[in-house]
*Asks:* 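What follows is a single structure, and I will ask about it in a moment.
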Amino acid sequence: RRNGTGLMIRYGSGSIEGFLSYETMDFGANKTISSQMFGEVTLTTGRAFQWGKYDGIVGLAFPKLAIDGATPPFDTLFYQEKINNPVFSFYFTKKAGLAGSAITLGGVS
């Protein structure tokens, strides 16, 4: 569902433009959140974005850094009691393309 508010973020390596929308997000393992605000990207500039395909942006940062008062999805997971602890962790394989990289929401593994 489109919010209609425009979005523009400048990074040191490029920028994005688009608009804010709401969506249901499914993180698997019974971790589905509703009415999550995110940015739909319609234009990217800069080298950081030239190799990938981007439909949108969702942050995991602190709420004070979020655009237009959006609650980050990780915080929404906690507020909607989909995770017990406000903790997340990443594991990256040592070689690109190798299976096994993961994000753990609500704890560490």
*Asks:* Output the distance between atom CE (M25) and atom OG (S35), rounded to the nearest 0.5 Å.
*Replies:*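 The OG atom of S35 is 11.0 Å from CE of M25, to the nearest 0.5 Å.
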
*Asks:* Do the rings of F90 and F92 sit parallel, tilted or perpendicular, given the 30° and 60° boundaries?
*Replies:*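 Ring orientation, 0 to 90° scale: parallel.
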
*Asks:* So, for M37 and L20, which heavy atoms are closest and what is the spacing to 0.1 Å?
*Replies:*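 For M37 and L20, the tightest heavy-atom pair comes out as SD-CD1, 3.7 Å.
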
*Asks:* Mind listing the closest non-hydrogen atom pair of L105 and K31 along with its distance?
*Replies:*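 Heavy atoms of L105 and K31 come nearest at O-CE, 3.8 Å.
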
*Asks:* Hey, are the side chains of F27 and K82 touching, using non-hydrogen atoms and a 4.5 Å cut-off?
*Replies:*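 Not in contact.
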
*Asks:* Can you list the steps and then say if Y79 with I33 is a side-chain contact (heavy atoms from CB on, under 4.5 Å)?
*Replies:* CA-CA 10 Å; Y79 297 147; I33 55 176; over 6 Å; no

*Asks:* Quick check: closest heavy atoms across Q36 and P73, and the distance to 0.1 Å?
*Replies:*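 Minimum heavy-atom separation between Q36 and P73: OE1-CA, 3.4 Å.
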
*Asks:* Do you know which two heavy atoms are closest between G107 and S89, and how far apart they sit?
*Replies:*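 Smallest interatomic distance, heavy atoms only, reads O-OG, 3.4 Å.
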
*Asks:* Using atom types as modelled and distance alone, determine if a side-chain donor or acceptor of T42 lies under 3.5 Å from a backbone N or O of E17.
*Replies:*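 Confirmed, T42 side chain pairs with E17 backbone.
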
*Asks:* According to a 4.5 Å side-chain heavy-atom criterion applied to Ile, Leu, Val, Met, Phe, Trp and Tyr, with indirect links allowed, do F38 and F19 form part of one hydrophobic cluster?
*Replies:*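 Cluster IDs for F38 and F19 differ.
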
*Asks:* Measure the CG-CG distance between L77 and N84 for me, rounded to the nearest 0.5 Å.
*Replies:*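 Spacing of CG (L77) from CG (N84) equals 11.5 Å.
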
*Asks:* Answer yes or no: does atom CG of D26 have more than 12 heavy-atom neighbours from other residues, nucleotides or ligands under 6.0 Å?
*Replies:*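 Yes, enclosed.
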
*Asks:* Same cluster or not: are F78 and V87 linked, directly or through other Ile, Leu, Val, Met, Phe, Trp or Tyr residues, by side-chain heavy atoms under 4.5 angstrom apart?
*Replies:*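 Each belongs to a different hydrophobic cluster.
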
*Asks:* With heavy-atom distances below 4.5 Å as the criterion, would you say the side chains of Y91 and T104 are in contact?
*Replies:*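 No, every pair of side-chain atoms sits at 4.5 Å or beyond.
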
*Asks:* Please check this pair: side chain of T44 against backbone of I16, looking for a donor-acceptor N/O pair closer than 3.5 Å.
*Replies:*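 Answer holds: no.
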
*Asks:* I need the minimum non-hydrogen distance between G106 and I83, along with the two atoms involved.
*Replies:*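 Shortest heavy-atom contact: CA-CB, 3.9 Å.
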
